[in-house]
Novice: 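Would you mind keeping the following structure in view while I ask a few things?
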Amino acid sequence: MKAIVIKTFGGPEGLAVVDLPAPVPAAGQVVIATEAMGVGGVDAVIRSGALAAYGFKEGHIPGGEVAGTVTAVGDGVDASWIGRRVWGFTGTGGGYVEQALAPVEEIVPLPANLSAVDAVTLGSSGVVAHFGLRHAHFAPGETVLVRGAAGSIGIMAVQLAARGGAAAVAVTTSSAERGERLRRLGATHVLDRSGEGGEQAPAGYDVIIDVVAGQDMPSFFDRLNPNGRMVAVGAVAGRPPADFGTKIMAAFQKSMSFAAFSAATVTGADRHAVRSEQFAAAGRGEIATVVHEVLPLDAAVLAHRKMDAGEVFGRIVLTP
C-alpha cells in the first residue's frame, strides 16, 4: 500500500511516498480503507523534529485521523464492523496511508449524509473545541476570544461559542479576508494577531481559547477580565516563555487562571458521544466543516508547505 513517511526531520521535503505491506489487525484493532486523511498542525510539528525527544523517529508515518470503510478486524472485534463507514483515530501517527490501523474503541460510525472529507475536518477539532470550552467553564453570556481562529480547532471554537450563547466572540487572525469568513461562522469582532483592533471589541474577555501559545502568549493575560480563564488547546507557535506565569501572579487580585487542555484526559465514551453529536449536526448543516483543500496522498509535501506558510484556512485533507 502507499504511505507517507518522514524520511528526514525538518521541512516538508523530508516527507516521502513509500510502499508498505498491507496492515494486519492485531487484537482489538480494525483496518480502515481510507477515503480521507486529516492534515493537522501536530503532524507538521512532529515532521519538523521538534518532538524527537518524545520518542518520534525518522520513518514515522504522520496523521492521526482517517475516515473510510472497515475492511478487516482483529481478534475480539465484532465482525459486523466490516463494511461500515467510520471515522478513526490512529494515534499520534499512522494516518497518511491507504489502509490504516485503529483501535476499535477509537472508531465512530459515520452518518450516511456526512462525507469522509468532512468527517476528518471535524472529528478531532470539534472534540477539542467542545471540551476546551468546557475546561474553561464557559457559560452563556460570557465574552470569548479565540486566538488563532483560522485553523480547524479555532473555527470550531468560534462556532461552538456562538452556538453556546457567548455575548461576544472575538478572533485573532492574519487578514481581513479571513476575518470576514470567521464572521460568517459566528465571530463578532476581528483582531490582528497581537489582539489589537476590532472596532468596539470588548476591553476584556472571560474566556480565551488559545491554539497558538508561543512567545507572545503571556501578553494575552492582559486581556482577561477578573476571574478570566485562558485555556491552551494547542501550541502551533511553540512553547510559551518559561516565566509566563509571572503575568498571572503580577495581576494577583484579578484571580485569573491558566490551564492546558488535551482531549486525552477525556474518557472515550464522552469523546464518542460528543463526536457523534457533532457528526449528526454537521450532516444536518448546523455545523460548518471548513475544508481548505483536498489533495492526493502523494501531495503531502505540498500540503505541509501550505501549512508551514500559514496559507491554510480550515483543514487540508488528503485522499488516496
Novice: Determine yes or no for a side-chain-to-main-chain donor-acceptor pair under 3.5 angstrom, with R163 supplying the side chain and E286 the backbone.
Specialist: yes
Novice: Working to the nearest 0.5 Å, report the span between CG of L160 and CD1 of I155.
Specialist: 12.0 Å
Novice: Apply the test salt bridge (Lys or Arg N to Asp or Glu O under 4.0 Å) to residues D308 and R47: give CA-CA distance (whole Å), side-chain angles for both, the deciding distance (0.1 Å), then the verdict.
Specialist: CA-CA 11 Å; D308 285 3; R47 183 217 72 226; 2.7 Å; yes
Novice: Membership question, hydrophobic clusters at under 4.5 Å side-chain separation (ILVMFWY): are L191 and V146 in the same one?
Specialist: no
Novice: How far does OG of S175 sit from CZ of R181, to the nearest 0.5 angstrom?
Specialist: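 Nearest 0.5 Å value for the OG-CZ distance: 9.0 Å.
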Novice: Evaluate the salt bridge (Lys or Arg N to Asp or Glu O under 4.0 Å) criterion for residues E196 and R223: first the C-alpha distance (whole Å), next the side-chain angles of each, then the deciding distance (0.1 Å), finally the verdict.
Specialist: CA-CA 10 Å; E196 299 293 340; R223 303 179 189 283; 3.0 Å; yes
Novice: Quick one: ring-ring contact (aromatic ring centres under 6.0 Å, His included) pairs with a partner in residues 129-182, sequence neighbours left out?
Specialist: H135-F261
Novice: Nearest 0.5 angstrom please: R178 CZ to T173 OG1, how far?
Specialist: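 Nearest 0.5 Å value for the CZ-OG1 distance: 5.5 Å.
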Novice: What about W87 and I107, same hydrophobic cluster or not, with Ile/Leu/Val/Met/Phe/Trp/Tyr joined at side-chain heavy-atom distances under 4.5 Å?
Specialist: no
Novice: From D206 CG over to N225 CG, what is the distance, rounded to the nearest 0.5 angstrom?
Specialist: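 It comes to 4.5 Å.
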Novice: Answer yes if W81 and L114 sit in the same cluster of Ile, Leu, Val, Met, Phe, Trp and Tyr residues linked by side chain heavy atoms under 4.5 Å apart, and no otherwise.
Specialist: no
Novice: Are M217 and Y205 connected in the hydrophobic side-chain network, where two residues link if heavy atoms are under 4.5 Å apart?
Specialist: yes
Novice: Determine the sole option in E65, R275, R315 for which the side-chain hydrogen bond (donor to acceptor under 3.5 Å, both in side chains) test with S124 is passed.
Specialist: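 Only one option passes, and that is E65.
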Novice: Would K306 and E293 count as a salt bridge (Lys or Arg N to Asp or Glu O under 4.0 Å) here? Give the steps.
Specialist: CA-CA 10 Å; K306 290 174 180 284; E293 190 172 3; 3.4 Å; yes
Novice: Treating T172 as the side-chain partner and D192 as the backbone partner, does any N or O pair qualify as donor plus acceptor under 3.5 Å?
Specialist: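 Here the side-chain-to-backbone pair does not exist.
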Novice: For D243, look at atom CG and say whether over 12 heavy atoms of other residues, nucleotides or ligands are found less than 6.0 Å away.
Specialist: yes
Novice: In Å, rounded to the nearest 0.5 Å, how long is the span from CG of L110 to CZ of R84?
Specialist: 10.0 Å
Novice: Step by step, work out the salt bridge (Lys or Arg N to Asp or Glu O under 4.0 Å) result for R305 and E311.
Specialist: CA-CA 9 Å; R305 282 179 177 153; E311 297 176 7; over 6 Å; no
Novice: Out of curiosity, does V66 fall in the hydrophobic cluster containing V86 (side-chain heavy atoms, cut-off under 4.5 Å, transitive links)?
Specialist: yes
Novice: Checking T267 against D270: is there a side-chain donor and acceptor pair closer than 3.5 Å?
Specialist: yes
Novice: Would you indicate whether K254, at its atom NZ, is surrounded by more than 12 heavy atoms from other residues, nucleotides or ligands within a distance under 6.0 Å?
Specialist: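 Correct, the count exceeds 12.
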Novice: When rounded to the nearest 0.5 angstrom, what distance separates CG in L297 from NZ in K2?
Specialist: 6.0 Å
Novice: Within a reach of under 6.0 Å around CZ of R85, are more than 12 heavy atoms found that belong to other residues, nucleotides or ligands?
Specialist: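 Above 12, so yes.
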Novice: What pairs with F56 under ring pair (Phe, Tyr, Trp, His ring centres under 6.0 Å), at least two apart in sequence or on another chain?
Specialist: H60
Novice: Kindly give the heavy-atom pair with the smallest separation between I153 and A129, and that separation in Å.
Specialist: O-CB, 3.9 Å
